[in-house]
Amino acid sequence: MHIVVCIKQVPDSAQIRVHPVTNTIMRQGVPAIVNPYDLFALEEALRLKDQYGGRVTVLTMGPPMAEAALRKAISYGADDAVLVTDRVFAGSDTLATSYALASAIGQIHKDMPVDLVFTGKQTIDGDTAQVGPGIAKRLDMQLLTYVSKVRSLDIDHKEIIVERRSEGGVQVLKTSIPSLITVLEGSNEMRFATMANMFRASRYPVKVWNKELAGIEDPTKTGLKGSPTVVSKVFAPTPRAVKAEIIQCESDDPKDLSVTLLAKMFAKHPKLEKEIAKRAA
Amino acid sequence: MSEATETKKPAGKKRFELDDRLKAYKGIWVFIEHERGTIHSVSLELLGEGRKLADSLGVELAGVVMGPPGETTRSFCREAFFHGADLCYLMEDPLLTDYRNEPYTRGMTDLVNKYQPEILLLGATTLGRDLAGSVATTLKTGLTADCTELNMDMEGRSLLATRPTFGGSLLCTIQTLNYRPQMATIRPRVMAMPDRDNARSGRIVEDALGMVESSIVTKVLEFIPDEMQDKPQLPFADIIVSGGRGMKKPENFKLIWDLAKVLGAEVGATRPVVQSGWVDLERQVGQSGKTVRPKLYIAAGISGAIQHRVGMDASDVIIAINNDPNAPIFDFAHYGIVGNAMTILPALTDAFRIHLATARKAG
């Protein structure tokens with residue numbers, strides 16, 4: 001069995017700051033990490049490999065530095081790693097990204113047929129959740145999003161049963177492989193990297209593919225050219241005309257501040273006072 | 001050289017001209033999502049927003065209803081009319097009983113190709129995102145996820161879809177210029193629920209799915225409904241008390257729970273707090289969590305990053321407690337207390353308890 005896991009290197013968003021005066025992003029020194037949601041996908045793939053045997057290939061598209069994300073994945077136990085990188089991919093939106101990744105998976109498939117493709121449910125930088133479905137449609141694979149559990153896998157009959165989170169419940173779905181699965185967060189816990197795998201990761205020759213090696217047939221479907229969406233404006237949100245009324249008292253006593261706050265608020269919002277009184281009763 | 005100068009475009013904004021083949025795309029569509037026989041509230045919220053877009057463009061607003069044959073499915077069309085739709089595209093087929101990607105993608109794609117809407121809106125739910133990503137890729141058009149605001153650029157009839165970017169630290173406006181339909185997903189509770197007008201009606205346009213069960217690979221074996229009482233229902237809570245990283249330690253979150261208990265409120269949290277495992281994922285408020293619109297939102301130890309703000313700034317009244325007087329939360333809260341949340345929260349809990357007891361006696 002051969003599983004391809006798509007991962008992405010993202011800036012650690014918890015550490016991104018906006019410059020208070022210029023309102024621009026301060027990217028300096030923001031560490032790059034593997035998209036946290038992708039680790040659930042990788043772990044799920046590694047568990048299936050432990051159980052059924054086979055290989056796990058990790059795939060990413062990005063700048064040359066994204067190689068570090070692939071090495072991290074190797075250290076957790078992935079077998080192979082492919083970095084798709086080319087200047088023509090710059091500015092790709094989700095439609096263009098899914099085209100490039102689907103092409104690359106097609107190339108990987110030529111070396112060793114792919115049974116399953118795993119992705120995280122979304123990235124923490126784009127937050128779109130669109131690339132997984134896009135790859136599935138392009139490769140004509142069955143799409144299973146928000147999967148919390150792989151119940152069973154029957155390789156001989158090419159059949160997989162999963163639990164999928166849906167609105168208001170869990171759908172149990174049976175489908176055939178090849179299929180593409182986006183894994184829900186919290187479905188598992190990433191294993192620790194072993195010494196042997198860490199050593200292997202440091203020496204592993206990551207396959208670096210440009211657009212030709214990635215099997216891109218039509219470069220106009222990639223990058224800015226291949227992206228239907230364009231970002232027309234980036235801006236900081238407008239502050240409200242009126243800022244918060246800061247509660248101040250003669251003393252800084254929390255009790256006085258609290259009492260003053262309630263008096264002011266309920267004087268202005270008497271309905272809110274009734275509402276809360278009713279509920280708390 | 002001179003040629004290059006002559007063909008140089010005038011400075012300033014480029015005029016945008018839509019391709020002739022795309023000019024045929026007219027009208028606003030909203031996908032009417034339903035599960036277990038109930039319409040999802042986000043679809044009605046989108047009808048309210050879609051109505052505004054349709055009026056500004058002078059076109060019709062349509063609901064797209066797909067489901068099993070029967071009165072329930074048809075009743076969704078009526079609900080759509082009550083909430084602003086002029087017409088509904090109705091596709092009834094037993095194969096559409098449970099949501100499955102394949103038949104829904106096929107049905108929606110066929111409808112779009114046949115009737116050519118210029119804008120297609122879906123709820124950013126698990127179902128809506130699954131469907132939207134598949135439909136957009138099949139149609140090779142643009143899709144913008146999790147929008148917080150929709151406007152029209154009348155020149156080129158272009159949808160201005162605004163959403164947080166850079167991990168939620170800034171906003172960006174995204175356009176789909178030379179592709180149709182322009183697709184966007186919007187999360188529940190981001191848009192206001194329109195008033196229900198039972199006098200409204202509209203026409204129904206019916207189409208057939210044209211698939212057979214044997215051609216659909218994925219089968220639904222079972223549906224396990226969530227036990228509702230166990231799950232916090234933040235999006236519809238009237239009062240929410242939320243804590244952020246400023247709470248310092250998981251133990252301090254008890255202060256949040258104490259206040260929530262006195263107010264009969266739900267407890268919310270920011271992404272870092274949830275990622276640190278202090279509270280459940282279900283309680284995360286913000287771009288990657290839930291969007292809420294309570295009557296009262298109390299934010300303790302929350303700086304007010306955009307990623308959190310977009311999830312809660314439609315709250316009626318916002319109280320912020322933060323020890324940094326320059327924290328962005330004070331730019332959009334209504335009332336602020338500058339101070340240590342660990343000492344303010346217990347005092348505020350007491351003040352509410354006493355105030356409410358007095359109010360009850362009086363009332």
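Just so it is clear, the structure is predicted and the values come from calculations on it, not from any experiment. Chain letters run A, B, ... following the sequence lines, proteins first and then strands; every chain starts at 1.
- Using a 4.5 Å cut-off between heavy atoms, A/Lys221 makes no contact with chain B at all.
- Neither the backbone nor the side chain of B/Gln182 comes within less than 4.5 Å of any heavy atom in chain A.
- Pairs engaging residues 93-102 of chain A under the salt bridge (charged side-chain N to carboxylate O under 4.0 Å, His left out) rule: none recorded [sequence neighbours left out].
- Inter-residue side-chain proximity for B/Ser315 and B/Leu296 is flagged as unmet; no heavy-atom pair is nearer than 4.5 Å.
- By the 6.0 Å contact criterion, CG on B/Asn151 is enclosed, its count of non-hydrogen atoms from other residues, nucleotides or ligands being greater than 12.
- Ranked by heavy-atom pairs under 4.5 Å with chain A, the list B/Thr176, B/Ile224, B/Leu345 is led by B/Ile224.
- Using a 4.5 Å cut-off between heavy atoms, A/Ile160 does not touch chain B at all.
- Only the side chain of B/Thr162 comes within contact range of chain A, with at least one heavy atom under 4.5 Å from a heavy atom of that chain.
- Residue A/Glu185 touches chain B through its side chain alone, counting heavy-atom pairs closer than 4.5 Å.
- Of the atoms belonging to B/Ile319, it is side-chain heavy atoms, and not backbone ones, that fall under 4.5 Å from chain A.
- Only the side chain of B/Glu35 comes within contact range of chain A, judged by heavy atoms closer than 4.5 Å.
- At a 4.5 Å heavy-atom cutoff, the contact between B/Ile318 and chain A is made by side-chain atoms alone.
- Of the inter-residue distances, the one linking A/Asp256 atom CG with A/Leu261 atom CG reads 12.5 Å to the nearest 0.5 angstrom.
- Highest contact tally toward chain B, considering only A/Ser258, A/Pro228, A/Ser232, is held by A/Pro228 [criterion: heavy-atom pairs under 4.5 Å].
- Looking at B/Phe223, the atoms closer than 4.5 Å to chain A (heavy atoms on both sides) sit in the backbone and in the side chain alike.
- For chain A, no part of B/Arg36 is nearby; none of its heavy atoms comes within less than 4.5 Å.
- Annotation: B/Lys219, atom NZ; neighbour count of heavy atoms from other residues, nucleotides and ligands within 6.0 Å is above 12.
- Interatomic distance, OH of B/Tyr297 versus CG of B/Asp238, reported as 14.5 Å (0.5 Å rounding).
- Interface remark: B/Asp313 contributes backbone and side-chain atoms alike to the contact with chain A (heavy atom separation under 4.5 Å).
- Between A/Pro178 and A/Val117, every side-chain heavy-atom pair lies at or beyond the 4.5 Å cut-off.
- A salt bridge does not link B/Lys295 with B/Asp316: none of the charged nitrogens is closer than 4.0 Å to a carboxylate oxygen.
- Heavy-atom distances place no part of B/Thr349 under 4.5 Å from chain A, backbone and side chain included.
- Ranked by non-hydrogen atom pairs under 4.5 Å with chain A, the options B/Ile344, B/Thr138, B/Thr105, B/Val217 are led by B/Val217.
- When heavy atoms are compared at a cutoff of 4.5 Å, B/Thr141 approaches chain A solely by way of its backbone atoms N, CA, C and O.
- Both the backbone and the side chain of B/Val220 come within contact range of chain A, judged by heavy atoms closer than 4.5 Å.
- Using a 4.0 Å cut-off between a side-chain N of Lys or Arg and a carboxylate O of Asp or Glu, B/Asp130 and B/Arg100 do not qualify as a salt bridge.
- When each of B/Ile329, B/Asp350, B/Leu348 is checked for heavy-atom pairs under 4.5 Å with chain A, B/Leu348 comes out on top.
- Among B/Gln175, B/Arg163, B/Glu33, the residue with the largest count of heavy-atom pairs under 4.5 Å with chain A is B/Gln175.
- The distance from the CD1 atom of A/Ile177 to the CG atom of A/Leu153 is 5.5 Å, given to the nearest 0.5 Å.
- For the 3.5 Å distance criterion, the side chains of B/His355 and A/Glu273 qualify, holding a donor opposite an acceptor.
- Options A/Ala129, A/Ser166, A/Pro133 differ in how many heavy-atom pairs under 4.5 Å they form with chain B, and the most are formed by A/Ser166.
- Counted by atom type alone, A/Gln122 and A/Asp127 present one or more donor-acceptor pairs between their side chains at under 3.5 Å.
- Under a cutoff of 6.0 Å and an axis angle of 45°, A/Lys121 and A/Tyr146 do not form a cation-pi pair.
- Contact of A/Ile247 with chain B is made through backbone and side chain together, with heavy-atom distances under 4.5 Å.
- Top candidate by heavy-atom pairs under 4.5 Å with chain B, chosen from A/Glu167, A/Lys268, A/Lys255, A/Gln248, is A/Glu167.
- For A/Tyr99, no part lies under 4.5 angstrom from a heavy atom of chain B.
- Of the two parts of B/Ala136, only the backbone, made up of N, CA, C and O, holds a non-hydrogen atom closer than 4.5 Å to a non-hydrogen atom of chain A.
- Between chain A and the options B/Ile216, B/Ile239, B/Leu127, heavy-atom pairs under 4.5 Å are most frequent for B/Ile239.
- A/Ile246 touches chain B through backbone and side chain together, each having a heavy atom under 4.5 Å away.
- Under a cut-off of 6.0 angstrom, the local environment of NZ in B/Lys140 is crowded, with over 12 non-hydrogen atoms contributed by other residues, nucleotides or ligands.
- With a threshold of 4.5 angstrom between heavy atoms, B/Leu281 approaches chain A through side-chain atoms but not through N, CA, C or O.
- Contact of the A/Lys158 side chain with the A/Asp115 side chain is registered, since non-hydrogen atoms from C-beta on lie closer than 4.5 Å.
- Using modelled atom types and a 3.5 Å distance limit, the side chains of B/Ser288 and B/Arg271 yield a donor-acceptor pair.
- When each of B/Asn326, B/Val338, B/Ile174 is checked for heavy-atom pairs under 4.5 Å with chain A, B/Ile174 comes out on top.
- If you measure heavy-atom distances from A/Leu173 to chain B, the contacts under 4.5 Å come from both the backbone and the side chain.
- Inspection of non-hydrogen atoms places A/Gly134, A/Lys137, A/Arg138, A/Gln142 of residues 134-142 of chain A under 4.5 Å from chain B.
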